[in-house]
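Notes follow the structure.
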Amino acid sequence: VQLQASGGGLVQAGGSLRLSCAASGRTFSSYAMGWFRQAPGKEREFVAVISASGGSTYYKDSVKGRFTISRDNAKNTVYLQMNSLKPEDTAVYSCAAGRVPYSDPNKYDYWGRGTLVTVSS
């Protein structure tokens, strides 16, 4: 599975962005998909994950109510809708595919190149 994230950019605090992660291969629908982020000088952290079927989602506490993860298995794409963005959301956001919807990045098998999100105050 090859993954490519897109949709990052510069946005003011309170604004919105939608990230997309396009996957190649015919097995996309069998993978849980996660979004992770890494801010400068910090470790990679979990943001959100969605099960293979899309029936279950789980979020980092600080993004609950602001971010929504979704997927379209017909388009081999997972999305991260980010609303009410804050400067502390600034990071490189990456998508990953794994067999089980964990929050631990070490449990994921495939990673895409990230996309930079910058939130100005």
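What you see is a predicted model, and the numbers here were worked out from it, not measured in a lab.
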Inset, instruction - Assess whether side-chain contact (heavy atoms from CB on, under 4.5 Å) is satisfied between Q81 and S16, documenting all intermediate values. - result: CA-CA 8 Å; Q81 177 67 44; S16 299; 4.0 Å; yes

Inset, instruction - Any chance you could lay out the side-chain contact (heavy atoms from CB on, under 4.5 Å) test for V11 and T118, step after step, and finish with the verdict? - result: CA-CA 6 Å; V11 63; T118 303; over 6 Å; no

Inset, instruction - Could you list the residues that satisfy side-chain hydrogen bond (donor to acceptor under 3.5 Å, both in side chains) with R66, not counting sequence neighbours? - result: D89

Inset, instruction - List the steps, then state whether side-chain contact (heavy atoms from CB on, under 4.5 Å) holds for L17 with L85. - result: CA-CA 8 Å; L17 281 175; L85 282 161; 4.2 Å; yes

Inset, instruction - Spell out, as yes or no, whether a donor-acceptor pair under 3.5 Å connects the side chain of D109 to the backbone of V1. - result: no

Inset, instruction - Could you tell me which non-hydrogen atom of Y108 sits nearest to which non-hydrogen atom of P101, and how far apart they are? - result: OH-C, 4.0 Å

Inset, instruction - Output all residues satisfying side-chain hydrogen bond (donor to acceptor under 3.5 Å, both in side chains) with S29, sequence neighbours left out; order by chain, then residue number. - result: none

Inset, instruction - Check for a donor-acceptor pair, side chain of R71 on one end and backbone N or O of S51 on the other, with a separation under 3.5 Å. - result: yes

Legend entry - NZ/K75: more than 12 non-hydrogen atoms of other groups inside 6.0 Å: no

Inset, instruction - Drop me the distance from L116's CG to T90's OG1, to the nearest 0.5 angstrom. - result: 8.0 Å

Inset, instruction - Kindly compute the distance separating SG (C21) from CZ (R113), expressed to the nearest 0.5 Å. - result: 13.0 Å

Legend entry - Ring centre gap for F67 and W35 strictly below 6.0 Å: no

Inset, instruction - Identify whether L3 and V47 are in the same connected component of the hydrophobic contact network (ILVMFWY, side-chain heavy atoms under 4.5 Å). - result: yes

Legend entry - Spacing of Y110 atom OH and R99 atom CZ [to the nearest 0.5 Å]: 7.0 Å

Inset, instruction - To the nearest 0.5 Å, tell me how far L10 CG sits from S120 OG. - result: 5.0 Å

Inset, instruction - Report yes or no: do F36 and V100 belong to one cluster of Ile/Leu/Val/Met/Phe/Trp/Tyr joined by side chain heavy-atom distances under 4.5 Å? - result: yes

Legend entry - Partners meeting side-chain hydrogen bond (donor to acceptor under 3.5 Å, both in side chains) with D72 (sequence neighbours left out): none

Inset, instruction - Looking only at non-hydrogen atoms, find the nearest pair between T27 and Y31 and report the distance. - result: O-CD1, 3.1 Å

Inset, instruction - Establish whether I69 and F28 are linked, either directly or via other cluster members, by ILVMFWY side-chain heavy-atom contacts under 4.5 Å. - result: yes

Legend entry - E45 atom CD, over 12 foreign heavy atoms within 6.0 Å: yes

Inset, instruction - Could you check V92 against T115 for side-chain contact (heavy atoms from CB on, under 4.5 Å), going step by step and ending with a plain yes or no? - result: CA-CA 5 Å; V92 174; T115 185; over 6 Å; no

Inset, instruction - Kindly work out whether a path of hydrophobic side-chain contacts (I/L/V/M/F/W/Y, heavy atoms less than 4.5 Å apart) joins V49 to V63. - result: no

Legend entry - Approximate separation, where rounding is to 0.5 Å, of T77 OG1 and M33 CE: 9.0 Å

Legend entry - Between CG on residue L19 and SG on residue C95, distance to nearest 0.5 Å: 9.0 Å

Inset, instruction - Heavy atoms only: give me the nearest P87-S121 pair and the separation to one decimal. - result: CG-CB, 3.8 Å

Inset, instruction - Taking the six-membered ring of Y79 (Phe, Tyr or Trp), confirm whether the NZ or CZ of R18 is under 6.0 Å from its centre and within 45° of its axis. - result: yes

Inset, instruction - Kindly state whether the ring of Y102 and the ring of F46 have centres lying under 6.0 angstrom apart. - result: no

